[in-house]
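Below, chains carry the letters A, B, ... as their sequence lines are ordered, and counting in each starts from 1.
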Protein chains: 2
Amino acid sequence: MVLSIAAVKNLELTLEDVGKGENMISAKSIGRLSLYRRLLISLKTRGEENVHSHKLASLGGVSPAQVRRDIMAVGYSGSPARGYSIDELVECIGRIIDHPEGQNVALVGVGHLGRAVLNYFRGRRPKLRVRAAFDNDINKTNRVLHGYRAHPVTQLAEIIKREKITVGIVCVPKEAAQDVANNLVDAGCRGILNFAPIPLRVPPGVYVEDIDITMSLEKVAYFARETAKEEEKTE
Amino acid sequence: MVLSIAAVKNLELTLEDVGKGENMISAKSIGRLSLYRRLLISLKTRGEENVHSHKLASLGGVSPAQVRRDIMAVGYSGSPARGYSIDELVECIGRIIDHPEGQNVALVGVGHLGRAVLNYFRGRRPKLRVRAAFDNDINKTNRVLHGYRAHPVTQLAEIIKREKITVGIVCVPKEAAQDVANNLVDAGCRGILNFAPIPLRVPPGVYVEDIDITMSLEKVAYFARETAKEEEKTE
DNA sequence: TAGTTACTGTGAATTATGTAACGTTGTGAA
DNA sequence: TTCACAACGTTACATAATTCACAGTAACTA
């Protein structure tokens, strides 16, 4: 009897865990954790050892309660007196958002945007290694750009498979974006960061994050006006 | 009697409208409306005249219900039989997210990223005019880049005021970002699109949209792994 | 003209997300 | 040693966002 109850309980737990995907952390939390880590590293270089939730919150532009909740999600606990140990927290966040052996990344489209992105990752983020860059412009390929050699896109599938690349960055014009995405997915990519201003169609199991600059600027323009209006009213 | 009821009704409406900021549309909706408009224009060039919510939804990667809701927010109504008139819908969306006289935009930091952003806006979006570009690198200033002349940042305040610029794009390294933001706000900008990987501190009434490439890539890497895990389980 | 169909518009239900509140805990001071 | 305090961890609550579901409607058919 007791055993059977225990069995049922176990089953329930298992179902919950598997069905809902472990204790899956939301995309928003993952984004904030990435932000916290950067802030923490920056604090560390300034000689800080510990940090409180409200300090991290103010640096990150979020509420202290949210910081505590996000940190709860990674399973780390601070001390009420000293707050969080920066080293330990960075370590814990890394254990969640980094792959232990690191992940390999490919970038397609070495125009201005592609080069800017390559610059962003020079040296930083040791767990995310840009292993290949591609372009279809003969003038840009087989040259070394920003420390990375650019290959012709015809070699994309081959190199992605050989280098075990699982993440792709799409910096090509919108006309070419869907084709590139298809090739990336076929070759084995499971995540795509898309800068092209069209939504990509990908099979289930592939995660796409869109960075839509036009959309963002229109949003800014809209709220630049709207919040200005609000201000006027309250004056 | 009848008059007084009417008066009360009017008062209520006014209170509701002013107090909650018109019928303020959420940032997410504004973003999607901007997306819809682009999709609609693209459909139009392919000769389409009308479109249904499910078509727009599938192109935009959202649900049909959400499309209808967003469109409801702009106050446009389609026909059950023909769907939405593309021309009319584009017109209505524009009436919400565009300023009638257009808005002027400044871009600070003419590195690879800045040039990529300038390219994005070559010719498009007639209501968002890039009127000035700035850089602190002597080699880049007083030259014409991508059709825009780059000024030294020392002239930022003066030009922003003269050109009545209300939106700024920050494409400078993170060390300089907060300074640039301060200058933009002081000179009159009410909205900032920030590519620097740190949160900007701005006074209330200024809207900031962050585009954090590092964060986005870490998110993609995380979910590339997690969704892959999920797939394995269900196999 | 009546019936059928497929879509819209929208209130209600549901789900995500963020905030507030509060008991708990470790530290330093008296 | 005990008290007061400040910040954490967690739960309960509130708000925002999304989906559901269905009434209403315009066209098309016969």
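Ring geometry for A:Tyr76 versus A:Tyr84: interplanar angle of 30 to 60°, hence tilted.
Residue-to-nucleotide proximity on DNA chain C shows that, of B:Ala65 and A:Ser29, the 5′-proximal contact is made by B:Ala65. Mapping B:Pro64 and B:Arg69 onto DNA chain C via the closest heavy atom, the residue that lands nearer the 5' end is B:Pro64.
For B:His54 and C:dC7, the shortest distance from a side-chain N or O to OP1 or OP2 is below 4.0 Å. Proximity of B:Gln66 to the phosphate of D:dA17: no side-chain N or O atom is located under 4.0 Å from OP1 or OP2. Distances shown here put a side-chain N or O of B:Arg32 below 4.0 Å from the OP1 or OP2 atom of D:dT18. Of the side-chain N and O atoms in B:Ser53, one or more sit less than 4.0 angstrom from OP1 or OP2 of C:dT8. An OP1 or OP2 oxygen of C:dG18 is reached within less than 4.0 angstrom by no side-chain nitrogen or oxygen of A:Ser63. Look at B:His52 and you'll find a side-chain N or O under 4.0 angstrom from OP1 or OP2 of C:dT8. Between D:dA27 and B:Arg82, a contact under 4.0 Å exists linking OP1 or OP2 to a side-chain N or O. Regarding contacts with the backbone of C:dG9, a side-chain N or O of B:Ser77 is found under 4.0 angstrom from either OP1 or OP2.
Across all their heavy atoms, B:Ala81 and B:His52 have their closest contact at O-CE1, 3.3 Å.
Taking atom NZ on A:Lys55 and atom P on D:dC8, their separation rounds to 13 Å, with Å as the unit.
Across all strands, B:Ser26 comes closer than 4.0 Å only to sugar-phosphate atoms, never to a base (heavy-atom distances).
Between A:Glu218 and B:Arg125, at least one side-chain N (NZ, or NE/NH1/NH2) sits under 4.0 Å from a carboxylate O, which counts as a salt bridge.
Residue-environment remark: NZ (B:Lys44) exceeds the threshold of 12 foreign heavy atoms within 6.0 Å.
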